[in-house]
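Read the structure below first, then the notes.
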Amino acid sequence: MSDHDKDIDQVSGTETTGHEWDGIKELNTPLPRWWLGLFFICIAWAIGYWILMPAWPGIYGYTHGVLNHSQRDEVAADVAALKAARLGKDRELANASLAQIQANPDLLQFALAEGRATFGDNCAACHGSGGQGAHGYPNLNDDVWLWGGKLADIQHTITVGVRSTSPDTRQSQMPAFGRDGILKPGQVDDLTEFVVHISGRPADARAVARATKLFADNCAMCHGPAGKGDRTVGAPNLTDNDWLYGPTRDDIHDQIWNGHGGVMPTWGGRLSPEEIKALAVYVHSLGGGE
């Protein structure tokens with residue numbers, strides 16, 4: 001096309017492509033030189049990457065590239081190097097008692113670091129990333145322990161679990177007094193007031209009086225005559241105002257009615273003895289250990 005035949009837009013002074021729709025013409029604006037430069041650099045970079053690095057999938061694998069680079073191999077090498085570096089400390093951890101770990105600042109630091117990582121991978125989903133607990137999942141930061149807060153107690157609980165698969169698992173079961181028809185609805189209401197009363201809050205005095213014998217007959221065997229709890233059977237203290245399933249009347253009524261009881265996995269066999277030992281040290285350090 002000669003210059004004479006070019007169609008120039010009268011407003012912008014730019015040549016058009018010759019395409020026109022309902023009187024609207026398409027301008028033939030050239031691409032900026034800087035943009036074209038980057039475009040061709042990207043093409044050259046992509047071709048170079050395809051040649052040097054793993055890039056294209058195939059039916060039975062992928063192209064490995066001239067450099068045969070593999071991030072998976074790098075990770076495997078890093079993990080192997082980490083295990084080799086930790087091997088000495090793991091052996092120290094395996095051979096030390098819990099008391100010896102606490103008495104050795106260097107070994108204690110290693111155990112806390114390993115325990116924190118193990119906790120994050122296996123425990124944080126239920127107990128929270130900081131061990132703060134949740135409805136039905138114990139808070140590990142306070143000084144309330146259902147099965148004991150000493151290092152050996154914590155280690156044993158982690159090893160055997162609670163209501164879990166180990167033959168030695170911590171075992172207890174709160175009856176579903178309402179759901180299973182052990183008590184009548186009115187009796188469950190009275191017991192709710194009784195538990196509210198012994199936790200130090202205002203309660204219906206007549207209901208408390210009616211429930212006194214009910215508590216002695218049905219609850220005192222595990223929770224004790226004064227409701228102080230019993231760690232040997234995992235029965236919580238009902239007077240400390242710390243509630244696993246909630247503090248309100250509705251929460252307490254629901255627990256008496258349904259008898260909730262959570263399950264903690266048996267970690268023995270799933271975690272190594274060293275990992276369990278480190279985990280016990282870490283949980284003990286969260287603030288509530290005895």
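We count residues from 1, following the sequence as given.
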Does a sphere of radius 6.0 Å around [atom1] in [X] hold more than 12 heavy atoms from other residues, nucleotides or ligands, not counting ones at 6.0 Å or beyond?
| X | atom1 | answer |
| --- | --- | --- |
| Arg91 | CZ | no |
| Gln71 | CD | no |
| Gln109 | CD | no |
| Trp21 | CH2 | yes |
| His197 | NE2 | no |

Taking all non-hydrogen atoms of both residues into account, name the closest pair between [X] and [Y] and its distance.
| X | Y | result |
| --- | --- | --- |
| Ala278 | Ala111 | CB-O, 3.5 Å |
| Ser199 | Arg201 | OG-NE, 3.1 Å |
| Ala124 | Ser129 | CB-CA, 3.8 Å |
| His135 | Tyr245 | CE1-O, 2.8 Å |
| Leu140 | Leu286 | O-CB, 3.7 Å |
| Leu93 | Glu274 | CD2-O, 3.5 Å |

Pair [X] + [Y]: basic N to acidic O under 4.0 Å:
| X | Y | answer |
| --- | --- | --- |
| Lys89 | Asp106 | yes |
| Arg116 | Glu275 | no |
| Arg206 | Glu193 | no |
| Lys25 | Asp9 | no |

How long is the gap from [atom1] on [X] to [atom2] on [Y], to the nearest 0.5 Å?
| X | Y | atom1 | atom2 | value |
| --- | --- | --- | --- | --- |
| Thr157 | Ile276 | OG1 | CD1 | 11.0 Å |
| Ile51 | Leu67 | CD1 | CG | 11.0 Å |
| Thr14 | Lys6 | OG1 | NZ | 12.0 Å |
| Asp217 | Gln187 | CG | CD | 10.0 Å |
| Phe110 | Arg86 | CZ | CZ | 5.0 Å |
| Trp45 | Trp50 | CH2 | CH2 | 13.5 Å |

So, [X] and [Y]: side-chain donor and acceptor under 3.5 Å apart, yes or no?
| X | Y | result |
| --- | --- | --- |
| Thr232 | Asp230 | yes |
| Asp251 | Thr248 | yes |
| Ser70 | Arg72 | no |
| Asp189 | His253 | yes |

What about [X] and [Y], same hydrophobic cluster or not, with Ile/Leu/Val/Met/Phe/Trp/Tyr joined at side-chain heavy-atom distances under 4.5 Å?
| X | Y | answer |
| --- | --- | --- |
| Tyr49 | Phe39 | yes |
| Leu82 | Val79 | no |
| Trp145 | Val162 | yes |
| Tyr62 | Val66 | no |
| Ile41 | Leu52 | no |

Could you tell me whether the side chain of [X] and the main chain of [Y] form a donor-acceptor pair under 3.5 Å?
| X | Y | answer |
| --- | --- | --- |
| Thr16 | Ile8 | no |
| Asp90 | Leu87 | no |
| Gln155 | Asp153 | no |
| Thr192 | Arg249 | no |
| Arg170 | Gly234 | no |
| Asn139 | Ala134 | no |
| Thr169 | Gly161 | yes |
| Gln255 | His260 | yes |
| Lys277 | Leu98 | no |
| Thr266 | Gly268 | no |

Should [X] and [Y] count as side-chain neighbours, where that means a heavy-atom distance under 4.5 Å?
| X | Y | value |
| --- | --- | --- |
| Ile154 | Lys150 | no |
| Asp180 | Pro175 | no |
| Leu279 | Cys123 | yes |
| Leu244 | Pro236 | no |
| Arg163 | Ser172 | yes |

Parallel, tilted or perpendicular: which describes the rings of Phe119 and His127, with under 30° parallel and over 60° perpendicular? tilted
Share the residues that join [X] in a hydrophobic cluster, the rule being Ile, Leu, Val, Met, Phe, Trp or Tyr side chains under 4.5 Å apart at the heavy-atom level.
| X | value |
| --- | --- |
| Val11 | none |
| Ile59 | Tyr60 |
| Leu238 | Met174, Phe177, Ile182, Leu183, Val188, Leu191, Phe194, Val195, Val196, Ile198, Val208, Leu214, Phe215, Trp243, Ile252, Ile256, Trp257 |

Quick one: do Thr239 and Asn237 satisfy side-chain hydrogen bond (donor to acceptor under 3.5 Å, both in side chains)? Show the steps, please. CA-CA 6 Å; Thr239 68; Asn237 184 345; 2.7 Å; yes
